[in-house]
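For reference, the structure discussed in these notes is given below.
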Amino acid sequence: MGTSRKEIEKRMLIKRTINTMEKQIQKLEEQKRVYIDAGKQAKAKGLTAQYNLALAGLRMTIAQQRRVYEMKLNFEITSQMKDMSAMTSEFLGGMSALSKDMLKLTRERDFSKIQKQFTDAMMGVELQTEQMEAFMDETEAAFSSSTFVTAEENGELEGLMENEAASNDLTESMIDKELEELKKKMSST
């Protein structure tokens with residue numbers, strides 16, 4: 001599941017806010033240097049009012065810088081807490097879904113019910129095997145009873161079978177002989 005557009009916009013806003021605060025801290029750092037330099041010059045020239053003004057500006061800049069730094073820290077900590085909360089929420093959601101699945105699986109897998117089904121199935125297989133054996137026995141008995149023939153009839157049938165096999169062999173050898181003769185004729189022309 002990808003990151004939504006709204007979530008990306010939130011992350012960009014957080015980044016922009018932190019960057020803005022860092023820039024403000026840098027600006028105030030530069031402003032501090034300006035007040036320090038101005039204070040040094042005023043003191044060197046004996047300009048008490050300007051020196052006091054530079055000190056007041058420096059005090060105010062340090063206070064602002066501290067506030068911005070505190071805001072930045074609060075923002076970063078809160079952002080991390082939000083990430084942690086989101087992760088915890090996802091974890092809880094995942095655990096909830098997993099628990100529901102596990103509960104469903106344990107409810108669906110009633111072992112005594114499955115054992116009964118398995119036992120019934122095995123009994124069915126055994127019964128089917130017994131029925132198949134009985135059917136084969138009956139079929140064999142039916143064929144045996146319907147083929148009562150005399151020894152004389154048996155001999156005739158065997159003779160027919162042998163003659164059929166011999167005539168098949170004879171036919172194949174005749175075809176082979178004819179093919180040979182045709183090949184000879186074709187090669188002699």
Side-chain angles (χ1 to χ4, degrees), residues 1-140:
M1 205 162 134
T3 309
S4 69
R5 183 183 172 124
K6 201 172 191 177
E7 188 61 33
I8 291 170
E9 286 173 0
K10 282 180 189 177
R11 286 182 186 174
M12 287 174 63
L13 176 63
I14 289 168
K15 227 176 198 176
R16 270 198 317 268
T17 305
I18 290 171
N19 285 341
T20 301
M21 289 185 212
E22 284 174 352
K23 284 177 188 172
Q24 187 61 29
I25 290 168
Q26 286 302 317
K27 257 179 158 178
L28 291 168
E29 193 62 38
E30 289 167 18
Q31 202 172 320
K32 269 179 14 185
R33 279 191 224 108
V34 169
Y35 285 127
I36 289 169
D37 287 345
K40 282 181 185 176
Q41 287 176 13
K43 190 173 185 177
K45 294 180 180 176
L47 304 169
T48 309
Q50 281 71 25
Y51 177 75
N52 288 338
L53 189 60
L55 279 178
L58 184 58
R59 212 175 288 118
M60 185 178 71
T61 303
I62 290 170
Q64 282 180 346
Q65 195 178 32
R66 185 177 290 136
R67 264 195 304 275
V68 174
Y69 189 70
E70 285 171 358
M71 286 189 328
K72 180 180 173 269
L73 279 177
N74 285 343
F75 193 78
E76 287 172 337
I77 291 167
T78 306
S79 175
Q80 288 171 358
M81 286 177 163
K82 178 199 161 277
D83 289 347
M84 189 63 184
S85 294
M87 187 192 73
T88 304
S89 177
E90 282 184 35
F91 169 77
L92 291 174
M95 285 302 286
S96 173
L98 192 58
S99 298
K100 284 177 188 172
D101 283 349
M102 287 171 67
L103 191 60
K104 186 178 173 190
L105 285 171
T106 57
R107 283 183 181 155
E108 286 178 357
R109 305 292 180 241
D110 182 356
F111 285 106
S112 61
K113 185 178 176 183
I114 290 170
Q115 186 177 4
K116 185 185 178 320
Q117 288 173 346
F118 179 75
T119 304
D120 291 349
M122 289 308 292
M123 284 173 60
V125 168
E126 284 178 29
L127 181 63
Q128 192 176 38
T129 304
E130 286 172 14
Q131 288 173 343
M132 176 60 84
E133 285 174 5
F135 174 75
M136 294 301 285
D137 289 344
E138 285 177 25
T139 307
E140 191 176 326

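Heavy atoms only: backbone and side chains are in, while hydrogens, waters and symmetry mates are out. Numbers here are sequence positions counted from 1.
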To the nearest 0.5 Å, what is the distance between CD on Q50 and NZ on K45? 10.0 Å

State, yes or no, whether a side-chain contact exists between E7 and R11 at a heavy-atom distance under 4.5 Å. yes

On a heavy-atom basis, which atom in V68 and which in M21 lie closest, and how many Å separate them? CG1-O, 3.6 Å

Test K15 against M12 for side chain to side chain contact (heavy atoms under 4.5 Å, CB included), laying out the working first. CA-CA 5 Å; K15 227 176 198 176; M12 287 174 63; 5.6 Å; no

Thinking salt bridges, do K116 and D120 make one under a 4.0 Å N-O criterion? yes

Working to the nearest 0.5 Å, report the span between CD of Q117 and CD of Q115. 11.0 Å

Could you check whether atom CD of Q128 has more than 12 heavy atoms from other residues, nucleotides or ligands sitting under 6.0 Å from it? no

How about CZ on F75, more than 12 heavy atoms from neighbouring residues, nucleotides or ligands closer than 6.0 Å, or not? yes

Can you tell me how far the OG1 atom of T20 sits from the NZ atom of K72, to the nearest 0.5 Å? 12.0 Å

Output the distance between atom CG (N52) and atom NZ (K43), rounded to the nearest 0.5 Å. 11.0 Å

Give me the atom names and distance for the closest heavy-atom approach of T61 to L28. CG2-O, 3.2 Å

Would you call E9 and R5 a salt bridge, using N to O less than 4.0 angstrom? yes

dist L47:CG -> L53:CG (nearest 0.5 Å) comes out at 11.5 Å

Can K32 and E29 be counted as an ion pair, charged N to O under 4.0 angstrom? yes

Decide side chain to side chain contact (heavy atoms under 4.5 Å, CB included) for L127 and Q131; before the verdict, give the C-alpha distance in whole Å, the side-chain angles of both, and the deciding distance to 0.1 Å. CA-CA 6 Å; L127 181 63; Q131 288 173 343; 3.9 Å; yes

Minimal non-hydrogen separation, Y51 against A42, with atom names: N-CB, 3.5 Å

Looking only at atom types and distance, does a side-chain atom of S96 sit under 3.5 Å from a main-chain N or O of L92, one as donor and one as acceptor? no

In this structure, NZ of K23 is separated from CZ of R16 (nearest 0.5 Å) by 11.0 Å

Does L13 offer a backbone N or O that forms a donor-acceptor pair with the side chain of T17 under 3.5 Å? yes

With a 4.5 Å heavy-atom cut-off, do M81 and I77 have their side chains touching? yes

